[in-house]
Amino acid sequence: MPSDFTAKADMNALTIATRPFPDQRPGTSGLRKKVAVFRQPHYLENFIQSVFDTLALPPDGTLVLGGDGRYYNQEALPVILKMAAANGIGRALVGRDGILSTPAASCVIRQYGAHAGIILSASHNPGGPQGDFGVKVNGANGGPAPAMLTEAIYARSRALPTYRILDAPDVALDKLGPSTLDGMTVEVIDPVADYAQLMESLFDFEALRALFRSGFRLCFDAMHAVTGPYAEEILERRLGAPAGSVIRGEPRPDFGGAPPDPNLVHAHELVRIMRAPDAPDFGAACDGDGDRNMILGRNFFVTPSDSLALLAANATVAPGYAAGLKGVARSMPTSRAVDRVAQALGIPCYETPTGWKFFGNLLDADKITLCGEESFGTGSNHAREKDGLWAVLFWLNILAARRQPMEALVRAHWRTYGRHFYTRHDYEGLDPVAARCLMKQLRERLGRLPGQAIDNRRVRASDDFQYTDPVDGSVASGQGLRLLFEDGARIVFRLSGTGTAGATLRLYLEAFEPDPARQGQDTQQALAGLIGVAQEVSQLRQRTGRAAPSVVT
Ligand code: G1P
Ligand code: ZN
């Protein structure tokens, strides 16, 4: 390659013939497939060209690019940059070494007024050559592309004849600063700096520093994924948490061999530390791309639904939320704990389908300030993605202000608002035909149940959840089968939209307990009756051959 190859725009752009791929429909959170699928010739390029064709960025447009560092990021990044240049995109902002957590990418898009973002991640799914890879597309608001756009990308991917890519050497991504790739400027940015500054503007860092000076101890498990560098900078360097407070902080392409999924099963090292006699005061973990969080106290687990409710109830202690909340939102299967807080605060509470993209319009229209999902996702109007480290800092800010141990704070919350017992049972790797069939039969069966008494509860209603977006009027139907009881209990059934192997059936179970004397029960015991009803009414065992769920959270 001649050394002055960058001098003439488009000189080296090639047009390459591709073939239609039938399976590039983005799911709940982007296009997610096994690495082997992405490795097929033209597969990644076909999808990326479909994205560029659909987004149609202006010639001076800015694209943000980064990822969670998982396996195949290093192969995909140069391809996407060369395709961006060949497609006439003006500027690409890329995290150093291709690293950007999902929430940091959202912040960078917003801060620099970028037109779109591409995030390379399969979230909490396993990494490595046998693992998963993914491509998420975000819009100018910093949030996941809405369904209309992802459907258009999908349609394009099935008909695309050719794609454009530059014939040029790879750009070095390990040094900060600008360079050019044909006519496109590539600006390598510090992946942490802008994000850390935003966090400093939202939370009382002085109070947090004082908290750590007073001997408060924390253990943050980065799961060898993207949040390590963020947590080390913010928690250890800026806030003064002792060195070693962040464990598994070094990002690895295979996440150290375990799925970077912050739940009680996969964050077992953290769970062990938090159950030990000398446990720290606070424990937390984030997932592969840093948008999920799990919050633990000493020998105590806070459900994500409760976490959202407690953040809402205590939000005004954080400077960024001192003016109060406009409203809150939760995904439909998330427990209704936050609804009670919203009611007490006199603010609206929206119920959306599963997936962060449904919060985007509510945030953009300033109808809500906080939102969350039962799947370890919490966030606010500071970004358009859920944000794991943000939730950790919010909790620390609350603990610093309230000066109470976490468990005491949560129990006091239950006494005030009542407790929503909540669990999710996942049946993974099911035969997709059997799973669809189960849902179809269940839809019919549920329709006959209202008015009947089951397990000492009367069924109030049943439906297939449908959502009309209050901002743009768009309708999302078929979002989960619900069985609603008169005493406030709920059972929800839905099929996962993020899996890459077989089908996953999710069972969400919730019961409300206002009586403080009964709030100390074990969750699975408190919900045993409902769990039985769910298995029975769906004929789960007969239809799937499974006697028990694969994962319980
Ligand atoms: C899962 C979660 C959902 C979350 C999504 C992306 O989707 O249930 O709340 O938004 O991952 O992180 P699902 O597999 O259920 O479609
Ligand atoms: Zn994630």
Side-chain angles (χ1 to χ4, degrees), residues 124 221 261-268 270-271 274-275 282-287 291-315 328-342 349 351 354 356 370-379 386-388 390-392 394-395 398-399 405-426 488-492 494 506-514 516 518-528 530-531 534 549 551-553:
H124 52 290
D221 185 355
D261 192 354
N263 61 35
L264 295 174
V265 181
H266 293 306
H268 46 82
L270 172 70
V271 170
M274 295 309 294
R275 283 185 181 151
F282 181 88
C286 288
D287 73 332
D291 57 359
R292 293 186 176 198
N293 71 89
M294 177 172 72
I295 301 293
L296 302 172
R298 274 200 189 124
N299 203 12
F300 190 75
F301 168 64
V302 186
T303 70
S305 299
D306 276 348
S307 178
L308 176 63
L310 270 107
L311 294 187
N314 295 282
V328 291
R330 61 164 172 82
S331 68
M332 179 274 284
T334 303
S335 104
R336 295 190 283 199
V338 74
D339 301 32
R340 291 181 191 275
V341 175
C349 178
E351 184 175 43
T354 295
W356 206 261
L370 295 189
C371 46
E373 296 191 272
E374 49 66 41
S375 52
F376 298 88
T378 340
K386 55 193 174 228
D387 190 344
W390 166 90
V392 170
F394 211 149
W395 265 100
I398 291 170
L399 293 174
M406 177 190 289
E407 179 171 351
L409 200 70
V410 175
R411 291 195 187 281
H413 183 95
W414 292 341
R415 279 196 297 279
T416 308
Y417 295 95
R419 177 175 184 185
H420 288 256
F421 282 105
Y422 187 81
T423 189
R424 185 176 105 184
H425 289 196
D426 293 333
R490 297 191 305 164
I491 304 175
V492 175
R494 66 176 276 284
R506 303 201 196 283
L507 233 73
Y508 308 83
L509 304 125
E510 175 181 1
F512 179 60
E513 182 52 76
R518 297 166 56 86
Q519 290 172 353
Q521 291 174 78
D522 169 74
T523 296
Q524 299 303 317
Q525 272 164 18
L527 296 172
L530 279 180
I531 294 169
V551 182
V552 172
T553 40

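In this text, all values refer to a predicted model and were calculated from it rather than measured experimentally.
For Asp221, the salt bridge (Lys or Arg N to Asp or Glu O under 4.0 Å) partners are Arg248, not counting sequence neighbours. In this structure, the salt bridge (Lys or Arg N to Asp or Glu O under 4.0 Å) partners of Arg424, at least two apart in sequence or on a different chain, are Glu374, Asp426.
Side-chain atoms of Asp287 come within 3.5 Å of backbone atoms of Arg292 as a donor-acceptor pair (strictly under, hydrogens ignored). When atom types are taken as modelled, the side chain of Ser331 and the backbone of Thr354 share no donor-acceptor pair closer than 3.5 angstrom. Distance alone, capped at 3.5 Å, is enough to place a donor-acceptor pair between the Thr423 side chain and the Thr553 backbone.
Side-chain contact check for Phe300 versus Pro405: every heavy-atom pair is 4.5 Å or farther apart. Phe421 places none of its side-chain heavy atoms less than 4.5 Å from the side chain of Glu510. The shortest side-chain heavy-atom distance between Leu270 and Met294 falls under the 4.5 Å cut-off. Between Leu370 and Phe394, the closest side-chain pair of non-hydrogen atoms falls below 4.5 Å. A 4.5 Å side-chain heavy-atom check between Phe376 and Asp291 finds every atom pair outside the cut-off. Within the 4.5 Å cutoff, the side chain of Leu310 has no heavy atoms near those of the Ile398 side chain.
Taking OG1 of Thr334 as the reference point, atom NE2 of His420 lies at 12.0 Å (rounded to 0.5 Å). Within the model, atoms CG of Leu530 and CZ of Arg490 stand 11.0 Å from one another, a figure rounded to the nearest 0.5 Å. From His266, atom NE2 reaches atom NE2 of His268 across 8.5 Å, with rounding to the nearest 0.5 Å. Summarising the geometry, atom CG belonging to Leu527 is positioned 11.0 Å from atom CG belonging to Leu507; distances are rounded to the nearest 0.5 Å. Atom CD1 in Ile531 sits 5.5 Å away from atom CG in Leu509 (nearest 0.5 Å). In this structure, Tyr422 OH and Thr303 OG1 are separated by 8.5 Å, a value rounded to the nearest 0.5 Å.
Between Ser307 and Val302, the closest heavy-atom pair is N-CG1, 3.8 Å. Pairing each heavy atom of Pro516 with each of Arg415, the nearest pair is CB-CG, 4.1 Å. For the pair Ala312 and Val328, the tightest heavy-atom approach, listed with the atom from each and the gap, is CB-CG1, 4.3 Å. In terms of heavy atoms, His425 sits closest to Pro549 at ND1-CG, 3.6 Å. Among all heavy-atom pairs drawn from Ala337 and Ser305, the shortest one is CB-O, 4.2 Å. Here the closest non-hydrogen pair linking Gly379 and Trp356 is N-CH2, 3.5 Å.
Relative to the ring axis of Phe512, Arg340 places its NZ or CZ within 45° and under 6.0 Å from the centre.
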(message) Set out, in order, the CA-CA distance, both residues' side-chain angles and the distance that settles side-chain contact (heavy atoms from CB on, under 4.5 Å) for Trp395 and Leu409, then state yes or no.
(response) CA-CA 11 Å; Trp395 265 100; Leu409 200 70; 4.0 Å; yes
(request) Could you go through the side-chain hydrogen bond (donor to acceptor under 3.5 Å, both in side chains) check for Thr378 and Trp390 one step at a time? (result) CA-CA 8 Å; Thr378 340; Trp390 166 90; over 6 Å; no
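The pair Arg330-Glu373 does not count as a salt bridge, with every side-chain nitrogen at least 4.0 angstrom from each carboxylate oxygen. Under a 4.0 Å N-O distance rule, the pair Arg518/Glu513 qualifies as a salt bridge.
With no hydrogens or angles considered, a side-chain donor-acceptor pair links Trp414 and Asp306 at under 3.5 Å.
Each of Met406, Met274, Arg298 was evaluated against Phe282; a single residue qualifies, Met406, per the side chain to side chain contact (heavy atoms under 4.5 Å, CB included) test.
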